[in-house]
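Data block below; observations after.
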Amino acid sequence: MSQRSRDSRRGAARARERSATRQRWLLPAIGVAVIAVAAVAAIWLSSGSSGGGSSTRPSDVPSVSGAAGQAPVVSGSPLTVFSSASGDPAVGQAIPAVTSPAASIQLNGKAKILLFLAHWCPHCQAEVPVVQDWIDGGHLPGDVDLISVSSSIDPNRPNYPPNEWLEREGWTSPVIVDESGAVADAYGLSAFPYWVFVNADGTVAGRLTGELPASELDRIVAGLQR
Amino acid sequence: MTVQTVETFYGILALVAFAIVIGIVALRLLAFASETAADAFDGVTAAIAPNALAMGWIVAFLATAGSLYFSEVAHFEPCTLCWYQRIAMYPLVVIFAIAAARRETAGALYAAGLAAIGAVIAAYHVALEWFPALDSGTCDPDNPCTLVWFRVFGLISLPTLALAAFLLILTFSLIRLRRSS
């Protein structure tokens, strides 16, 4: 083998090595570049937009308690924690009374629908317009009160504050602001949305959780003792 | 640095990750029909394979760092499904680090196993966010998985970030396994 051909072969091998080294560093370099560009773009995108955020940050909004005043006062014996509608031991029990500046749950001779809502719960977010349409359609009888309880209020969770959400939905029912969760506890809430149906004599007619269609509300209201 | 900036940063990375995964899968499918696509697929996988373990480590590290940032700094409380995804993601940082340092392709196999499980859980979690009715139809007051903390560009939520990372890791791992066999 001649000196020249050996040299050229060695040269080719070195070139291959160089190109392999270059290739080895190419992808990680691209990766680092992508990450850097994403960082710059993120800073640029989020510095310009004030309302572009996906959820309202707690620091941007005033506290709910500031607007609502005093916490609701609960009296009477609490209901057991709800587990199932069939064989619910709370049925027939007297409901605890609740007084708050915004709305109250009192023994006033009217049947009641109590609806417990959490602002961050997608099932509640879906149910609120259904119930409002049902009310707007004239399905809520005059001798039945619908009282909502805004519970599990957490400024760190999405769709805060709840009063703005309900306002946006055109919610017409009175709202008890249950910041401490005392009302939810007294009524044995186990999941959202939570329903307590109350007869005119102030006893529990039934309790349910989850989204209810308008037809189901019609059926339950028809069965209330009024 | 605000939480929103970090959300946007990860949102962009997730979009890039989805683009890479979709691109490579599309190329693989086109390779059945076209010689050019087959050559391109070979070229891409040949370039990725030697770096796959290190690149997998970068993805797993960024995902783990983001996960810890969102729970510890932004105080987004992880739900049950989040924890399952964390269980699949966190070990990947160690597996890829050791495998990349020792140039052991076997690491890609272990990673692929974890990433596949993580991807399935993340996909279910993403579906649950869009269709909350998939679960019991109610929200657990304490820590529901249906709670969507944020959606960057109206699309990329926390489990969507996890899904993007798992799919990209799975793609890198499978390319490494394929090229070495």
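Naming convention: chains lettered A, B, ... in sequence-line order (proteins, then strands); numbering from 1 in each chain. This structure is a prediction, so every number in the text was calculated from the model and none was measured.
B/E129 does not touch chain A: none of its heavy atoms, backbone or side chain, sits under 4.5 Å away. Proximity to chain A (any heavy atom under 4.5 Å) is restricted, for B/F153, to the side chain, taken from C-beta onward. Both the backbone and the side chain of A/A41 come within less than 4.5 Å of a heavy atom of chain B. Residue contact with chain B, scored on non-hydrogen atoms closer than 4.5 Å, is absent for A/S151. Heavy atoms of A/T209 lying under 4.5 Å from chain B belong to its backbone as well as its side chain.
Atom CG of B/D140 sits about 9.0 Å away from atom OG of A/S190, to the nearest 0.5 Å. Rounding to the nearest 0.5 Å places CD1 of A/I43 at 9.0 Å from CZ of B/F9.
Counting non-hydrogen atoms of other residues, nucleotides and ligands closer than 6.0 Å to CD of A/E167 gives a total of 12 or fewer. More than 12 heavy-atom neighbours from other residues, nucleotides or ligands sit within 6.0 angstrom of CZ on B/F18.
Checking each of A/L27, A/I30, A/L26 against B/N51 for a side chain to side chain contact (heavy atoms under 4.5 Å, CB included) leaves exactly one that passes, namely A/L27.
The shortest distance between side-chain heavy atoms of A/C121 and B/L147 does not fall below 4.5 Å. The shortest distance between side-chain heavy atoms of B/F76 and A/R157 does not fall below 4.5 Å.
Summarising the geometry of B/P141 relative to A/W120, their closest heavy-atom pair is O-CZ2, 3.7 Å, with the distance given to 0.1 Å. The two residues B/C139 and A/P122 come nearest to each other via the heavy atoms SG-CD, 3.7 Å. For the residue pair A/H123 and B/T146, the shortest heavy atom distance occurs at NE2-CG2, 4.4 Å. Closest approach of A/A42 and B/I12 over heavy atoms only: N-CD1, 3.8 Å.
For the options A/L189, A/D154, A/V40, A/I35, heavy-atom pairs under 4.5 Å to chain B are most numerous at A/I35.
The contact list for residues 58-74 of chain B toward chain A, using heavy atoms and a distance under 4.5 Å, reads B/I58, B/L62 by residue number.
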